[in-house]
Amino acid sequence: QVQLVESGGGMVQAGGSLRLSCAASGSIFSIIDMGWYRQAPGKQRELLETITNVGNRNYADSVKARFTISRDNAKNTVYLQMNSLKPEDTAVYYCNVKVRTRYDGPVYNYWGQGTQVTVSS
């Protein structure tokens, strides 16, 4: 079993910054991809950014210029640096990791518990 613990959400004024963290622990052999998603009220969950185990990044156009994903493989942790936040960035933010629990095993998909980000105008 793998556990994800998110932190760093909160309330910020428009134009401000926040840094989210998501630490994975448990029965981890290797982490393949790590990513961040968000879900605003009444909307579907959307992909923001992903990063592979070798550092290749994939960004959604809506956040490409403002958000930056990074990961610390030694700590099994993924980060999301969010700058120039806008009220429309208000949502619950979720981390996602794809994990192997043994070298020849399947890849499992895990989600964090979500952290609220609220941007006031």
Between [X] (side chain only) and [Y] (backbone N and O only), is there a donor and an acceptor less than 3.5 Å apart?
| X | Y | answer |
| --- | --- | --- |
| Glu6 | Gly114 | yes |
| Arg71 | Thr52 | yes |
| Arg45 | Gln39 | no |
| Thr115 | Tyr93 | no |
| Asn96 | Tyr110 | yes |

How many angstroms lie between atom [atom1] of [X] and atom [atom2] of [Y], to the nearest 0.5 angstrom?
| X | Y | atom1 | atom2 | result |
| --- | --- | --- | --- | --- |
| Gln1 | Gln3 | CD | CD | 6.0 Å |
| Ile32 | Ile51 | CD1 | CD1 | 13.5 Å |
| Ile69 | Gln81 | CD1 | CD | 12.5 Å |
| Leu80 | Thr68 | CG | OG1 | 8.0 Å |

Checklist entry - Can you tell if the side chain of Leu85 reaches within under 4.5 Å of the side chain of Phe67, non-hydrogen atoms only? => result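 A side-chain contact exists here, since the closest heavy-atom pair is under 4.5 Å.
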Checklist entry - Looking at side-chain heavy atoms only, is the closest gap between Val119 and Glu88 below 4.5 Å? => result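 No - every pair of side-chain heavy atoms lies 4.5 Å or more apart.
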Kindly give the heavy-atom pair with the smallest separation between [X] and [Y], and that separation in Å.
| X | Y | value |
| --- | --- | --- |
| Ser62 | Glu46 | OG-OE1, 4.3 Å |
| Ile31 | Ala24 | CD1-CB, 4.1 Å |
| Ser121 | Pro87 | CB-CG, 3.9 Å |
| Gln113 | Leu4 | OE1-O, 3.5 Å |

Checklist outcome for this item: Applying side chain to side chain donor-acceptor pair (under 3.5 Å) to Arg19 and not counting sequence neighbours gives none
Checklist outcome for this item: By side-chain contact (heavy atoms from CB on, under 4.5 Å), Asn58 pairs with (sequence neighbours left out) Leu47, Thr50
Can you hop from [X] to [Y] via hydrophobic side chains spaced under 4.5 Å?
| X | Y | result |
| --- | --- | --- |
| Tyr94 | Val117 | no |
| Tyr59 | Leu20 | no |
| Met34 | Val92 | no |
| Val78 | Tyr37 | no |

Next on the checklist: Please evaluate residues Arg66 and Asp89 with respect to the criterion side-chain contact (heavy atoms from CB on, under 4.5 Å), reporting the C-alpha separation (whole Å), side-chain torsions for both, the decisive distance (0.1 Å), and the verdict.
Outcome noted: CA-CA 11 Å; Arg66 302 183 294 122; Asp89 293 319; 2.7 Å; yes
Next on the checklist: By the definition side-chain contact (heavy atoms from CB on, under 4.5 Å), identify the one residue from Cys22, Cys95, Ser70 that meets it with Tyr79.
Outcome noted: Ser70
Checklist entry - Going through the checks in order, is the side-chain contact (heavy atoms from CB on, under 4.5 Å) test met by Val63 and Arg38? => result CA-CA 11 Å; Val63 301; Arg38 70 184 179 190; 4.2 Å; yes
Checklist entry - Asn53 and Asn73: side-chain donor and acceptor closer than 3.5 Å? => result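 Distance-only check fails for Asn53 and Asn73.
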Checklist entry - For Asp104, does the CG atom sit with more than 12 other heavy atoms under 6.0 Å from it, leaving out its own atoms? => result yes
